[in-house]
Protein chains: 4
Amino acid sequence: MLDAAVRAFARRGYQNASMDDIAELAGVSKPLVYLYLNSKEELFAACVRREAASLVAAVRGAVERGAPPDRQLWSGLSGFFAHTARHPDGWALLHVQARTHGHPYAHEVAAMRAEIVAFVTQLIAAAARKGAPSPERRMAAAEVSGLAHALVGAAESLADWAGDGAEPDGPSAQEAAATLMNFAWAGLGNLLCGQGWSPAR
Amino acid sequence: MLDAAVRAFARRGYQNASMDDIAELAGVSKPLVYLYLNSKEELFAACVRREAASLVAAVRGAVERGAPPDRQLWSGLSGFFAHTARHPDGWALLHVQARTHGHPYAHEVAAMRAEIVAFVTQLIAAAARKGAPSPERRMAAAEVSGLAHALVGAAESLADWAGDGAEPDGPSAQEAAATLMNFAWAGLGNLLCGQGWSPAR
Amino acid sequence: MLDAAVRAFARRGYQNASMDDIAELAGVSKPLVYLYLNSKEELFAACVRREAASLVAAVRGAVERGAPPDRQLWSGLSGFFAHTARHPDGWALLHVQARTHGHPYAHEVAAMRAEIVAFVTQLIAAAARKGAPSPERRMAAAEVSGLAHALVGAAESLADWAGDGAEPDGPSAQEAAATLMNFAWAGLGNLLCGQGWSPAR
Amino acid sequence: MLDAAVRAFARRGYQNASMDDIAELAGVSKPLVYLYLNSKEELFAACVRREAASLVAAVRGAVERGAPPDRQLWSGLSGFFAHTARHPDGWALLHVQARTHGHPYAHEVAAMRAEIVAFVTQLIAAAARKGAPSPERRMAAAEVSGLAHALVGAAESLADWAGDGAEPDGPSAQEAAATLMNFAWAGLGNLLCGQGWSPAR
DNA sequence: TATGAATGAGCTTTCATTCAT
DNA sequence: TATGAATGAAAGCTCATTCAT
């Protein structure tokens with residue numbers, strides 16, 4: 001039943017998906033929807049929660065724990081792209097629909113995103129700790145956090161690019177992950193070696 | 001009067017912002033809004049068009065034409081972050097609200113984004129042509145395009161991070177641009193030198 | 001529920017009868033009206049169709065088929081006046097309201113009227129064929145049609161006169177029919193005998 | 001200025017003719033309309049009054065006073081048909097639009113119609129007084145009034161038939177008047193001679 | 001339990017009407 | 001005087017939500 005709701009919400013948007021539509025798509029009657037989930041808001045929240053949990057679980061399950069940070073990031077990204085490619089409606093619900101709505105949902109999604117950002121931050125920090133040649137090259141926490149945000153944003157953008165039907169020759173999940181790792185990790189290495197880009201150069 | 005509409009749409013979303021709200025926020029009466037902009041859809045379209053044009057103009061104006069690609073990218077990113085930071089509602093309208101809506105708006109925004117992606121792609125390609133040590137290291141077009149998408153997504157994510165009031169200690173526009181340049185351009189240099197990351201490593 | 005709509009439309013007119021009024025008059029809520037009849041236009045169309053069918057059925061049922069033309073006309077008129085007297089709102093809807101509205105309704109009513117005019121035309125023609133003393137007195141088709149139009153118009157006028165509450169001492173249905181038969185049929189007979197009125201006389 | 005209003009009201013109906021339309025059609029600005037005629041209702045009333053007066057004057061002017069009743073009727077009818085044919089908008093305003101509206105206008109039109117009916121009644125009564133062979137054949141007042149109503153209704157119907165563009169081969173004003181005189185006056189003569197139609201025959 | 005039937009509340013849109021110039 | 005600019009009030013329509021069965 002949530003499946004139908006996720007599909008409806010992802011494709012038509014929160015407001016345009018009427019409860020009639022959802023009930024009909026689920027093959028049940030409207031009062032039944034209200035029996036299980038008390039309101040449209042709660043229904044949407046349940047959908048968001050389920051998809052968020054599903055995505056986090058997919059990423060978590062894909063990460064190779066104990067491996068070096070770069071391998072962990074790589075495996076996590078692979079899992080992320082694989083999941084979003086396989087569940088485009090869920091991804092659209094989280095990334096496109098939930099963010100347009102006020103308090104309850106956007107925060108829920110923001111919390112999920114923050115969790116992922118924190119995980120990436122920690123990976124970068126770990127790599128930085130190991131790879132930094134000297135203490136004075138240690139990156140500031142804000143800098144690390146910024147990198148994590150940038151990386152997550154890049155991943156989202158690539159997931160959209162790969163997922164939308166508009167460009168059928170978009171990259172596969174593996175290719176997207178590889179592109180991003182090339183982009184990010186190599187840059188990170190350079191950064192740690194003091195070869196960052198600076199405007200004054 | 002468009003200002004009020006942009007604020008209302010950005011903060012409450014298209015559907016939840018009623019014409020009453022917008023009129024009241026603008027300090028005028030509802031029929032006046034209909035006199036100037038004929039319907040809610042046209043009003044939204046006008047807002048989207050104005051903000052998109054404003055953003056594109058800001059980025060265009062900031063780019064130092066004729067400079068080397070990295071400086072062009074840097075100046076464009078600085079302009080982008082400065083503009084989004086100064087017009088958070090406009091940025092939210094474009095990035096969050098307009099994408100959830102069907103035909104006219106999402107396409108308009110997608111076109112603007114595609115324009116920016118194309119510009120970035122061209123910068124990366126120019127840099128690659130100059131920086132590649134040997135012809136066989138030339139990057140494939142799809143690879144370049146993927147990098148551009150990643151970079152734009154990262155920029156959007158950083159703009160969100162910097163802009164939302166949730167984290168008042170987010171980076172300034174200059175810091176965000178610097179972070180992103182470090183992240184991207186250094187990585188790009190490595191990539192061209194054949195030092196890309198690969199899972200098999 | 002149509003009853004209430006017919007009353008409201010007949011008494012207040014199409015535009016002045018609001019859906020709130022109709023719903024309240026029917027003792028139900030407005031969305032229910034929209035559930036059964038999808039819009040104000042369709043509601044009005046349904047009313048017009050029902051009343052038109054009802055009137056035509058009443059006239060058809062009253063006509064004594066097989067009788068001589070004069071008796072057929074007499075019985076049809078009696079049925080007509082009886083029906084309009086018993087359903088003044090329906091008659092007002094057809095005769096007064098529906099004619100002021102454009103495409104769908106006015107045409108529907110015009111079609112009904114044309115049907116009746118055709119029937120009357122045919123009765124007059126039959127009478128003329130039988131009653132004409134010589135072929136050269138045969139009436140032209142246009143002449144017959146004009147007489148039918150005049151007769152129907154006279155009937156409508158008498159129905160209004162009898163029906164409106166303004167003159168409580170208006171004629172009964174039988175009296176109206178008798179008046180009209182006297183007026184029309186006798187005149188018709190004279191006409192056939194070459195005793196028509198002519199200005200040059 | 002009233003011309004424009006009459007045209008707009010007759011063609012689009014009272015409600016669908018907006019004050020903007022009327023002002024634009026008249027070539028003046030809206031507040032000017034309000035300066036001369038204080039409201040839409042008063043504007044409509046003024047139109048109705050003017051057209052009613054114009055029609056009554058046309059009929060009055062056409063009647064040959066002092067002539068025998070039949071000639072008076074004939075000349076009045078000719079004037080009536082000539083006027084309605086020459087002023088179709090005015091006739092539509094009176095006959096179609098004004099009747100659909102409540103108190104002020106419908107009554108005004110009803111009063112004009114009553115005046116004409118009274119005039120016709122008086123003509124018929126005069127003819128009856130002269131033509132009746134014996135006092136016991138005197139028609140009752142109600143009977144005469146009914147005949148007048150029938151005749152007026154027949155005239156209206158013929159005016160519609162002649163006026164609407166739907167049937168371009170409709171009769172001319174003279175033909176319509178002739179048809180009606182044949183229909184009515186001959187019948188009247190018969191009636192006075194005791195040769196009326198009766199159902200029991 | 002599961003639903004057909006019904007509604008309260010709200011939104012977009014329009015138009016007769018009036019100031020301030 | 002004549003008008004551009006502005007609005008109060010109301011109408012058609014929809015939808016999340018709930019009874020009575």
Side-chain angles (χ1 to χ4, degrees), chain A residues 1 5 8 12-24 26-44, chain B residues 1 5 8 12-24 26-44, chain C residues 1 5 8 12-24 26-44, chain D residues 1 5 8 12-24 26-44:
Chain A
M1 188 154 105
R12 298 155 110 94
Y14 177 80
Q15 304 272 2
N16 288 27
S18 77
M19 293 299 266
D20 294 75
D21 294 343
I22 293 171
E24 193 185 0
V28 299
S29 77
K30 211 173 6 167
L32 200 58
V33 179
Y34 278 89
L35 192 68
Y36 283 78
L37 299 144
N38 298 314
S39 74
K40 196 184 188 183
E41 290 224 330
E42 288 191 30
L43 171 58
F44 189 67
Chain B
M1 189 156 104
R12 298 153 115 94
Y14 178 80
Q15 305 269 8
N16 285 21
S18 79
M19 293 300 266
D20 292 78
D21 294 344
I22 293 171
E24 194 182 2
V28 298
S29 76
K30 211 175 4 166
L32 197 58
V33 180
Y34 278 91
L35 192 67
Y36 285 82
L37 299 145
N38 299 313
S39 72
K40 196 183 188 182
E41 288 227 329
E42 285 191 32
L43 172 58
F44 190 68
Chain C
M1 187 155 105
R12 297 154 116 94
Y14 178 80
Q15 305 269 8
N16 285 23
S18 78
M19 293 300 265
D20 292 77
D21 295 342
I22 294 171
E24 194 182 2
V28 298
S29 75
K30 205 174 13 165
L32 198 58
V33 180
Y34 278 91
L35 193 66
Y36 284 81
L37 300 146
N38 299 315
S39 71
K40 196 183 187 182
E41 289 228 329
E42 284 191 33
L43 172 57
F44 189 68
Chain D
M1 187 155 104
R12 299 154 109 95
Y14 178 79
Q15 304 273 3
N16 288 29
S18 77
M19 293 299 266
D20 293 76
D21 295 344
I22 293 170
E24 193 184 1
V28 298
S29 77
K30 213 173 2 167
L32 200 57
V33 180
Y34 278 90
L35 192 68
Y36 283 76
L37 300 145
N38 298 312
S39 72
K40 196 184 188 184
E41 291 223 330
E42 286 190 32
L43 171 57
F44 190 67

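Order of the sequence lines sets the chain letters (A, B, ...), proteins ahead of strands, with each chain counted from 1. What you see is a predicted model; the values in this text were computed from it and never measured.
Rounded to a whole Å, the CG atom of C/Asp20 is 13 Å from the P atom of E/dA9. Following rounding to the nearest Å, C/Gln15 (CD) and F/dG12 (P) show an atom-to-atom distance of 9 Å. Put simply, CD on C/Glu41 is 14 Å from C1' on F/dA11, counting in whole angstrom units. Rounded to a whole Å, the CG atom of A/Leu35 is 7 Å from the P atom of E/dT1. Counting to the nearest Å, the P atom of E/dT17 and the CG atom of D/Asn38 are 10 Å from each other. One can place CG of C/Asn16 at 13 Å from P of F/dA10, the figure rounded to the nearest angstrom. Protein atom CD1 of D/Ile22 is 12 Å distant from nucleotide atom P of E/dC15, rounded to whole Å. Between D/Leu43 atom CG and E/dT17 atom C1' the separation is 14 Å, expressed in whole Å.
In terms of phosphate contacts, D/Tyr34 brings no side-chain nitrogen or oxygen within less than 4.0 Å of OP1 or OP2 of F/dA2. A close approach under 4.0 Å does occur between a side-chain nitrogen or oxygen of C/Tyr36 and OP1 or OP2 of E/dA6.
Along DNA chain F, the nucleotide nearest to C/Lys30 and the one nearest to B/Leu32 differ in position, and the one closer to the 5' end is contacted by B/Leu32. Comparing B/Met19 and D/Tyr14 against DNA chain E, the residue whose closest nucleotide sits nearer the 5' end is B/Met19. Closest-nucleotide positions on DNA chain E for B/Asp21 and B/Pro31 were compared, and the one nearer the 5' end corresponds to B/Asp21. Map B/Ser29 and C/Ser18 each onto its nearest nucleotide of DNA chain F; the residue landing nearer the 5' end is B/Ser29.
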ask   = Pairs counted as Watson-Crick or G-U wobble with both distances under 3.5 Å: what dot-bracket string results for DNA chain E, using | for bases tied to another strand?
value = .||||||||||||||||||||

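For B/Ala17 against B/Ala8, the heavy-atom pair with the smallest separation is CB-O, 3.9 Å. For B/Ser29 against B/Ala23, the heavy-atom pair with the smallest separation is C-CB, 3.9 Å. Considering every non-hydrogen atom in both D/Leu35 and D/Asn38, the closest pair reads O-OD1, 4.2 Å.
Contact annotation: the side chain of A/Met1 never approaches that of A/Ile22 to less than 4.5 Å [non-hydrogen atoms, C-beta and beyond]. Using a 4.5 Å cut-off on side-chain heavy atoms (C-beta onward), C/Gln15 and D/Tyr14 make no contact.
Remark: the D/Lys40 side chain and the E/dT17 base include no donor-acceptor N/O pair separated by less than 3.5 Å.
The OG atom of C/Ser18 lies 8.5 Å from the CD atom of C/Glu24; values are rounded to the nearest 0.5 Å.
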message = Using side-chain contact (heavy atoms from CB on, under 4.5 Å), reason through B/Lys40 and B/Val33 one step at a time and then give a plain yes or no.
response = CA-CA 9 Å; B/Lys40 196 183 188 182; B/Val33 180; over 6 Å; no

